[in-house]
Structures are given as structure tokens and as C-alpha cells.
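One structure is given below, encoded as C-alpha cells.
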There are 2 protein chains.
Amino acid sequence: MNTPNRSTAEPLANGHPTRERILDAAEELFAIKTYEGVSVRQIMSKAEADVSLAYYHFKSKRDLFDQVMLRRAAHLNEIRLDALRAVEQRHPDDAPTVEEIIDAFTHPLLELLRNQHDEWQYYFRLVANINSSAEWGGELMTRYFDPLVSRFIEALRKALPDSTDEDLYWSYHILSGALTLTIAETGRLDNLSGGICHSDDMDGIIERMPRFVAAGFRELCSKKSR
Amino acid sequence: MNTPNRSTAEPLANGHPTRERILDAAEELFAIKTYEGVSVRQIMSKAEADVSLAYYHFKSKRDLFDQVMLRRAAHLNEIRLDALRAVEQRHPDDAPTVEEIIDAFTHPLLELLRNQHDEWQYYFRLVANINSSAEWGGELMTRYFDPLVSRFIEALRKALPDSTDEDLYWSYHILSGALTLTIAETGRLDNLSGGICHSDDMDGIIERMPRFVAAGFRELCSKKSR
DNA sequence: ATACTAATTCAACAGTTGTTGAAATTCAAA
DNA sequence: TTTGAATTTCAACAACTGTTGAATTAGTAT
């Protein structure tokens, strides 16, 4: 249940089983209790392994954290880039619509969160926490995700030829905030709405986010409106 | 510089000066290093007071955290509610526009962050961190801010009479994410844009957020489009 | 000056933290 | 079976954690 497709997928990432169990435990605990809120002992206890093994497989607690972050980052970049390329190949001559680009940016994440929830939920929560905290571990994520984001913004610029760079970046900022809070799955919306909405209803957000955000982009990044 | 208007404003909140210094130090350190990332000793060292004084003025570390959260919450609710009431009084007969409501929801915060940056920046960062973490201290913020949010959603429902509750709540979710990331002031956008945008440029976001978000609300919460 | 409370200091507690070194075990190649 | 490396266990370290009680000072009303 925790390692869904052992033989077929990800030939490189299949490291030592103990190492993977440590990463799993660390991922979950870092996500729900923050980095300093969890001790190496708690992590190793959840991983059912001796404390020292953490320092055999990783250089330090901080290194363990970095490896947790990096483990899934490459795959994430890959599928999102694939989605963007697919959209672009569907439009050999004209530019894709804003909706299509936003969808390529968000859909892979949300679908992962829907179809493989158990495997990805804690990683996404962790990314969300990092992403909205100024000090911490941000450089790591920035280094890994910013190139991808730049490619998307480039695509959006083509779809919105009258846009200013400033408008484009601020619009992306809003999109980023919306996506971040979504993948955090805080459950805050569940309470607020009195059960009408559910944070883990990915279909609900998949069909709404691109439309909402695309409308915002058009409002801000078109010549006519200002 | 740290206590800007001592004699005129907030007659109730003027507690013991030491207590205030502890709250200031705790606010800043909690915001940039997380709750468990900071020790009581570090806080009291920054506040230039003995460790034990933390337990004279507060029941526990957790209580200190709660008081940091609550200190500014009432004032925040007040000015946002005032802004909403002002908009509603400006429309005795018809409903306010979506822009106006969104603006009443966001503008007080952003203006505070612009005009009294030194006093409010860490509190907002802290709120942002809390808001996008599932487990932690969320109930406290939820209890304090949800009534206000419900009032705003009620106003939005009137401005968008064809909307579904579900669409309305999901739209608010997107707005909430955007606002949360903004007040976090992570500086991520500065790097990404290569200096074109600045996380602390409140004018930039003040003039963009309501327009962007209102367009999204209209796209999602109007009958014609779906 | 006296009495009394509010505020602050000092010293210490039991438990936990990240991390390390040496010894013991597992396991495949010779 | 012997060799040698990869993996796991056990015990311990100095430093730091949240928290408390008793002693001390500051400040105010009598």
C-alpha cells in the first residue's frame, strides 16, 4: 500500500528499503509537526529502526530533510513539463489558451493528490508549509521549481501578448498562493463551509481553479481593461 | 518605533511593558523559526529579560503563543468589519460590487502591512504559516476569523445571486490562498521575477488582487458561464 | 518606616535533543 | 569456510528543552 508499483516504475529511485522507510516516516512527521517539531528519535521510531541508522543513511537531520524534499521533486517537474509540452504540441501554430496552460500547471499535481493520495499527501503538505514560510528551506524548493515556473510564465506571456511582466508575475503569485493552500489540505474550508466543501475534493478544485485563475489572468494581463 | 501610539490608541491593550516586550520577541521568533524551532530561552534573551519571567507573565510556552496570536486579532477583525460596513452603507439599495467586497476584505490587511510594516510583518507571517499548516494552532485562528469570513461570504452571495454555495466557498478558498501567500512576504517572487516584483510592494498587490479575484469570482459564480 | 504586593533574579530538576564511536550482525563473493 | 564489506545495534556525550520554587528587589499605600 505504501510502495504501489515496485517493479515497473522509477528504476533509479529504488534505494535501500530501510532508507526509504526512514524517508517515508520523516516525510509524514515533518509535514504534520514541522522540522524542529520532530526529533530524529521520533522519526526512527515510526520507521521502526534504530536511531543511529538515520546517521548511517544520511549525513544529518538537515540532510534527511533535504532528501525528503528532493525525492519526489524530479518526478513532479517531469509530469508538469510533459503536460505543458503536450499543450504546446496541440497548438503548432496559434498559442494555447490561458486555461490550457493553467491546467497543465495545476492538473498534474491535483491528479496525483487525487489518485495516489496516500503516497503524496504528506509531501504536498510539506511543500506547502515550506512555500509559505519565508526563512526556511525555501532556497532548495526555489532552485528546483523556479525553472519550471519560468517556462510556464513564458508560455503565459505568449498567450497574453499585451501583458506587462509585472502583471504577469503578480498574477502568477496569486495562482501560486491558491495552489499552495490547496495542496496543503488544511481542512479549514470544511469547517467554514459547514461540510459543503471538502479540502480533499480534487475534482471540485480541478474544475474550478483553471477557470477562476484564467479569468483573473485575462482581467489583469490584457490591454483593453486598463 | 516599536510602540508607535502609546497614549492615543488601544486603551485596553496597554499591558505591562515587560509583557509586551516578551510578546514582541516571541512574535518575531515564532514567525521566522516556527513554534518548536524557538526555545523560551531564545525568546527571553531577545526580550532582554530573565527566563522565569516568561512563566510569571504567561502560563506556558503554548499560552505565550496563544497570546501572541490573540493580541492583534481583535483589531484586525475590527478594521475589516468596518471596511465591509462602509461598503454596505455606500449601497443602501443595490448590492456592492464584487470588487468592493474583495477590497474591503483585503485592503485593511495590506494597508497595515504597508503603513506599519515594522509592527505587523511578523504577525502576518505567523498567521500565514499557521493558515497553511493543517495540524497546528489552526483552531484558534479559525475560531477568531471564521465569523468574519462568513460575513464576507454572505455579502458576496448577495453580489452574486446566481452562485452556488459550493462555487462561492471554493472561490473564497482561492482568495484565501492568494492573500495568505501575500502576507507571508516570502520574497520568492522577487527571485523568480529577477527583481521586477517585490513581495513587500503592497501598492502592487492592492491594485491587482481585487481585480484579479473579482474576475475569478464572476467567472465561477455567475449563471451564464456554465 | 512598615507592610504588602508586584516584579524580577538565581539555581536547579528531569527529560530530550542531535550526533558519534565501537561492537555486533548480516550477507554475498572468494 | 574465510574474507570483507554493508548494515544494524548498543551505549553514551554534552548541550539544550520547558518548567518550577525559593529568595530577592522595586514600588506603593499606610
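First the proteins, then the strands, lettered A, B, ... as listed; each starts at 1.
One finds a salt bridge joining Arg114(B) and Glu111(B) here, because a Lys/Arg side-chain nitrogen approaches an Asp/Glu carboxylate oxygen to under 4.0 Å. Here Lys46(B) does not pair with Asp24(B) in a salt bridge; the nearest charged N to carboxylate O distance is not below 4.0 Å.
As judged by a 4.0 angstrom heavy-atom cut-off over every strand, Ser39(B) is placed among residues touching the sugar-phosphate backbone only.
Checking dG18(C), dG21(D), dG18(D) against the side-chain heavy atoms of Ser52(B) singles out dG21(D) as nearest.
In this entry the distance linking CG of Asp50(A) with C1' of dT20(C) reads 12 Å, nearest Å. One can place CG of Asp63(B) at 12 Å from P of dT20(D), the figure rounded to the nearest angstrom. The distance between atom CD1 of Ile43(A) and atom C1' of dT16(C), rounded to the nearest whole Å, is 14 Å.
OP1 or OP2 of dT8(D) has at least one side-chain nitrogen or oxygen of His57(A) nearer than 4.0 Å. Taking 4.0 angstrom as the limit, Tyr56(B) places none of its side-chain polar atoms (N or O) nearer than this to OP1 or OP2 of dT8(C). OP1 or OP2 of dT8(D) lies within a sub-4.0 Å distance of a side-chain N or O belonging to His16(A). Close to dT20(D), at under 4.0 Å from its OP1 or OP2, lies no side-chain N or O of Tyr55(B).
Across Asp203(B), Leu179(B), Asn115(B), a single residue satisfies side chain to side chain contact (heavy atoms under 4.5 Å, CB included) together with Leu110(B), and that is Leu179(B).
Asn129(B) and Ser133(A) are not linked by any side-chain donor-acceptor pair at a separation below 3.5 angstrom, with hydrogens and angles left out of the test.
Across the interface with DNA chain C, nearest-nucleotide mapping of Val51(A) and Glu48(B) shows Glu48(B) to be the residue nearer the 5′ end.
On a pure distance criterion of 3.5 Å, no polar donor-acceptor pair joins the side chain of Thr18(B) and the base of dT8(C). Contact annotation: side chain of Ser60(A) to base of dT19(C), donor-acceptor pair absent below 3.5 Å.
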